[in-house]
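Please read all numbers here as calculations on a predicted model, not as lab measurements. Only heavy atoms go into these numbers, but all of them, side chains included; no hydrogens, no water, no symmetry mates.
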Amino acid sequence: MQEKKPIIVTSALPYANGPLHLGHLAGAYLTADFFVRYLRLKGEDVVFICGSDEHGVPITIAAEKEGVNPQDIVDRYHEWNKDTFERMGISFDYYGRTSSKIHYETSQEIFKTLYDKGFFSTKTEEHFYDEDAQMFLPDRYVKGECPNCSYPEAYGDQCEKCGNSLHPTDLINPISALSGKAPLRKETQHWYMPLGKAQAKLEEWLDSREGWKSNVSGQVRSWLQEGLNDRAATRDLTWGVPVPLEDAEGKVLYVWFEAPIGYISATKEWALKRNKPEEWRKYWQNPDAKLYHFIGKDNIVFHCIMFPIILMEHGNYVLPENVPANEFLNLEGKKLSTSRGWAVWLHNYVDHFEADLLRYALGVTLPETKDSDFSWKDFQARVNNELVAVLGNFIHRTMSFTEKYADAKVPPLSNPKDVDLAVLEAITLQKEKVEAAFEQFKFREALQESMQLARIGNKYFSDTEPWKSKDSDIESCHNTLHVSAQVVAALSILFDPIIPSSMAKLRAQIGYDGAISWENIGTDLLKVGQKLQKAEILFTKIEDEQIQMELDKLEAQLNNNASDAESEKTIDYPNIKDPINFDDFMAMDLRVGIIKEVTEVPKSNKLLAFKVDIGIETRTIVSGIKKHVQIDRLIGQKVTVICNLAPRMIMGMESKGMILMAESPDGNLHFVTSEAAEGSLLS
RNA sequence: GGCGUGGUAGCUCAGAUGGUUAGAGCGCACGACUCAUAAUCGUGAGGUCGGCGGUUCAAUUCCGCCCCACGCUACCA
């Protein structure tokens, strides 16, 4: 017999600073688990790897907020998420974590190898340094005034008020979030990956890939067209994997460099646990092995560009066979948002419903080719109309009929008619369709074709009317029951990757206790005379009240978070600025203006060019407020203009002055208007 | 603005290397049946396949432009 090729399936490492929600499951875990369970049934040599991504600045920030160590945070979420995955039936062979010793060694070894090969380039730059804390400050740890909107609490990477991304050095009056003091600028050296140099090799490899989804290859092409820039592989931080070089005190590997290596280190740990410490090489360092990364679309660049380059430059590692990335899942028609409380938390879900129900309902509407939508009403409909009414009912009517009228034993098949044979053939036919769908990562289709067999069963059962033939033609009746029982048995394996715990229950009911394998799906899984156990209901209907409760819960979460946010905003009002004297104020020339003309600025989607009449003249002002206003209502709008602001070139136009806007707590901009005629002076 | 992905029945989504009446599930209407968790089975209504042009004997499927959604990216003083 030919040796099976080893297969590694990975699911994106969830970030260990929060619990898991529906979007996670739909993106990278459910599909991977379907695939892996299918492969196992096929008898493939597969290892399914995942784990917690435990480094990075957000975790250190979360730790600081709570006044605990980063390790405490990741310990908490690692265990929590691991448990949630188990309860959802996600069957990882190993769930590792990037704070483990083996992960440190593995990522350091890979870094060191690239270093020895001379792959990295170094850059020395000035970064902010906190003398009290004796450390360089991550972008997030520098606060200051936003150069764009003057919000005084902007972070060094982004201003949360205006949403602009920033560099720490852009900030006005920067302070350290640690000590509250002004940080020093100090030189620091970092190692960069010159991705551009590896681009040609990467493209050649990518061209050799087949069967990739269009959303994935399109996104990758888009990145490559823009050209790959150097990416830092190290950071000045204490929380992370230390850079394994002499002159790299206080530096760690950048989390995007080291996290995907977690797949490898987790596989090593898995092998060690099985007392076969070298076994991981069979998967990762074997040209025959096949690697599949299941991820969400936000992760495409890491798994299709950066990690392959790392593996390629290191050499001696497999590159992914395919990266079947999913799109995003919306919830009740709106984008998921953990910060706004718009999410279904999986640990909550499994407290109220069986994992299998969600596995099926979500599996049918996975965001495979485009963003898709999960709604509780749809969940209820899928469960009630499909799992209960089609699958559950077919199983139940077959079993209870057999129990009542055939002594609870599988009756013989004798002189089968065309209808009987056609259904037996359908078993194999559906098996092949499902198989083809799995192989192409078309999981929705796999589910639908699996359910199709149950539909065929129902139709057959109704068409052959065993409730009539039991009195008129017992042979025909027995044939119906025989064939239906075989369909039930086939379904118990066909559906095993999707709803494993229900199907295990079902197999116990029909007395099928042999090892299960995909190839066994056929027409004679059950022996004639096989005793069936008492039919027990596998799926029960979900009532409207249960769904309403979930919807209410969602609303409540949303309101909670909204009021949290509101109260934070209240506290968060920027402090009154430093005092100025009257002359400073009078130095400003503020006048009432009236908008005469509005034009869109070419090549910009935030800017509008205004002609504003300020009495003395009409001048051009360019302003970035397009998203906040309705263009067709602007003409005639009274505004306040600061007229003696130094003119400025914006997108090739000279902007003379500024239209004043008031920003409400929700971030919307509003005109500062006046009843006075245009040209009136403010003082 | 650039790049990418998508825009198909009321809803959720398939599909077509261009070619006879464009599909499924749900929902809806009507009918059948009663073994089954009022489940099942059948029939039907419902679509100018985002819009406008072009190529072609023929396009919803190819090409161009435009609109909308999502993602990446730029502009934002």
Side-chain angles (χ1 to χ4, degrees), chain A residues 146-150 159 162-165 170 172 213-226 296-298 300-301 325 327-328 330 333 335 361 364-375 377-382 384-406 437 442 444-445 447-449 451-452 454-455 457-470 477 480-481 484 535-541 600-608 622-627 645-652 655 658:
Chain A
C146 173
N148 302 317
C149 69
S150 300
C159 170
C162 64
N164 284 315
S165 54
D170 295 339
I172 300 161
K213 292 165 62 165
S214 57
N215 59 337
V216 178
S217 47
Q219 183 66 53
V220 171
R221 229 179 303 125
S222 172
W223 278 91
L224 291 173
Q225 267 167 26
E226 284 181 28
K297 65 174 164 184
D298 51 329
I300 289 176
V301 63
E327 301 282 301
F328 287 152
N330 292 323
K335 277 199 222 183
V364 179
T365 70
L366 286 167
E368 281 178 353
T369 54
K370 52 185 154 191
D371 291 0
S372 70
D373 191 48
F374 176 89
S375 76
K377 289 254 184 257
D378 183 65
F379 170 75
Q380 180 190 25
R382 294 287 180 190
N384 291 357
N385 299 330
E386 298 178 26
L387 282 180
V388 174
V390 177
L391 180 62
N393 182 237
F394 173 67
I395 292 165
H396 192 248
R397 70 198 297 205
T398 298
M399 297 209 29
S400 54
F401 200 104
T402 308
E403 193 177 315
K404 276 189 200 161
Y405 301 110
K442 292 181 176 173
R444 279 193 316 228
E445 190 178 314
L447 268 71
Q448 282 162 10
E449 292 296 352
M451 192 53 83
Q452 186 58 26
R455 291 182 200 280
N458 272 321
K459 177 172 166 48
Y460 167 73
F461 204 97
S462 295
D463 286 352
T464 53
E465 301 181 310
W467 55 92
K468 285 184 183 163
S469 64
K470 77 179 163 55
C477 174
T480 297
L481 295 182
S484 296
E536 272 175 43
I537 295 210
L538 284 175
F539 309 105
T540 50
K541 284 205 168 188
E600 307 221 11
V601 177
K603 296 187 142 199
S604 166
N605 55 5
K606 281 193 190 169
L607 293 175
L608 288 174
V622 179
S623 184
I625 58 173
K626 192 159 148 189
K627 289 195 171 162
L645 192 69
R648 177 107 202 176
M649 291 301 288
I650 303 171
M651 297 292 283
S655 179
M658 207 173 129

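Closest to the side chain of A:Q219, out of B:C41, B:U37, B:G71, is B:G71. Of the candidates B:C35, B:C3, B:U37, B:U37 carries the atom nearest the A:H396 side chain, counting heavy atoms from C-beta on. If you check B:C35, B:C70, B:C41 against the side chain of A:K459, the one that comes closest is B:C41. The side chain of A:N385 has B:C26 as its nearest neighbour among B:C41, B:C26, B:C33. The A:Y405 side chain lies nearest to B:C35 when the options are B:U37, B:C35, B:C3. Side-chain proximity of A:K468 to the nucleotides B:U34, B:A39, B:C70 is greatest for B:U34. Set against B:G71, B:C33, B:G25, the side chain of A:F328 has B:G71 as its closest nucleotide.
Here A:I395 lies out of heavy-atom contact (under 4.0 Å) with every strand. A:F394 comes within contact range of no nucleotide atom at all, as no heavy-atom separation falls under 4.0 Å. A:E386 comes within contact range of the sugar-phosphate backbone alone, with a heavy-atom separation under 4.0 Å but no base atom that close.
Side chain of A:K213 to backbone of A:E368: a donor-acceptor contact under 3.5 angstrom is found. Side-chain atoms of A:E449 never come within 3.5 Å of backbone atoms of A:A437 as a donor-acceptor pair (strictly under, hydrogens ignored). In terms of modelled atom types and a separation under 3.5 Å, the side chain of A:T402 and the main chain of A:T398 share a donor-acceptor contact.
Dashed line: the shortest gap from a side-chain N or O of A:K335 to OP1 or OP2 of B:G71 is under 4.0 Å. In terms of phosphate contacts, A:R455 brings no side-chain nitrogen or oxygen within less than 4.0 Å of OP1 or OP2 of B:G25. Contact check, A:K377 against B:G27: no side-chain N or O comes under 4.0 Å of OP1 or OP2. In this model, the phosphate group of B:A36 is approached by a side-chain N or O of A:K404 to a distance below 4.0 Å at OP1 or OP2.
When all heavy atoms are compared, the tightest approach of A:Y460 to A:T480 is OH-CA, 3.2 Å. The two atoms that bring A:V220 and A:I300 nearest to each other are CG2-CG2, 3.8 Å, heavy atoms only. Looking at every heavy atom in both residues, A:N393 comes nearest to A:N458 through OD1-OD1, 4.3 Å. A:A535 and A:S400 get closest at one heavy-atom pair: CB-N, 4.2 Å. Residues A:A454 and A:V390 come closest through the heavy atom pair CB-CG1, 3.9 Å. When every heavy atom of A:T369 is checked against every heavy atom of A:R444, the shortest pair comes out as OG1-NH2, 3.9 Å.
Taking the P atom of each, B:C49 and B:A59 are spaced 12 Å apart, rounded to whole Å. Separation of the C1' atoms belonging to B:C11 and B:C28 is 12 Å when rounded to the nearest angstrom. Nucleotides B:A29 and B:A9 are separated by 16 Å at their C1' atoms, to the nearest Å. Taking atom C1' in both B:A32 and B:U20, the straight-line distance is 33 Å, to the nearest Å. B:G25 and B:C66 have their P atoms separated by 39 Å, with the value rounded to a whole Å. Spacing of P atoms, B:C3 relative to B:C65, comes out at 9 Å, to the nearest Å. For the P atoms, the distance from B:C41 to B:G50 is 32 Å, rounded to whole Å. Atom P of B:G2 sits at a distance of 31 Å from the matching atom of B:U48, rounded to the whole Å.
Between A:F394 and A:F461, the ring planes are perpendicular. Angles over 60° get that label, and only those under 30° would be called parallel.
With RNA chain B read from its 5' end, the first of the two nearest nucleotides for A:Q448 and A:T540 is the one closest to A:Q448. Summary of the strand contacts: A:N458 and A:V388 both lie near RNA chain B, and taking for each the nucleotide with the nearest heavy atom, the more 5' one is attributed to A:V388.
Counting to the nearest Å, the P atom of B:A36 and the CD atom of A:E536 are 17 Å from each other. Going from atom CZ of A:F379 over to atom P of B:C13 covers 17 Å, rounded to whole Å. Atom-to-atom, CD of A:Q225 to P of B:C72 comes out at 18 Å; the value is rounded to the nearest Å. One interatomic measurement links the two molecules: CE of A:M399 to P of B:A36, which rounds to 14 Å at whole-angstrom precision. Following rounding to the nearest Å, A:L391 (CG) and B:A36 (P) show an atom-to-atom distance of 18 Å. Atom CZ in A:F461 sits about 11 Å away from atom C1' in B:U34, given to the nearest Å. Between the CD atom of A:E449 and the C1' atom of B:G15 there is a distance of 13 Å, rounded to whole Å. One interatomic measurement links the two molecules: CG of A:D298 to C1' of B:U5, which rounds to 15 Å at whole-angstrom precision.
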Next item on the list: Treat a base pair as Watson-Crick or G-U wobble with both distances under 3.5 Å, then lay out RNA chain B in dot-bracket form, 5' to 3', with | for cross-strand pairs.
Entry: (((((((..((((.....[...)))).(((((.......))))).....(((((..]....))))))))))))....

Next item on the list: For the pair A:K297 and A:E327, evaluate salt bridge (charged side-chain N to carboxylate O under 4.0 Å, His left out) and give the outcome as yes or no after the intermediate values.
Entry: CA-CA 5 Å; A:K297 65 174 164 184; A:E327 301 282 301; 3.0 Å; yes

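With respect to A:H396, the side chain to side chain contact (heavy atoms under 4.5 Å, CB included) criterion is satisfied by exactly one of A:V388, A:I537, A:L391: A:I537.
Stacking here means ring centres nearer than 5.5 Å and ring planes tilted less than 30 degrees, and by that measure A:W467 stacks onto B:C35.
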Sub-3.5 Å pairs of nitrogen or oxygen atoms, protein against nucleotides 6-12 of chain B:
from: B:G6; atom 1: OP1; to: A:S214; atom 2: OG; distance (Å): 3.3

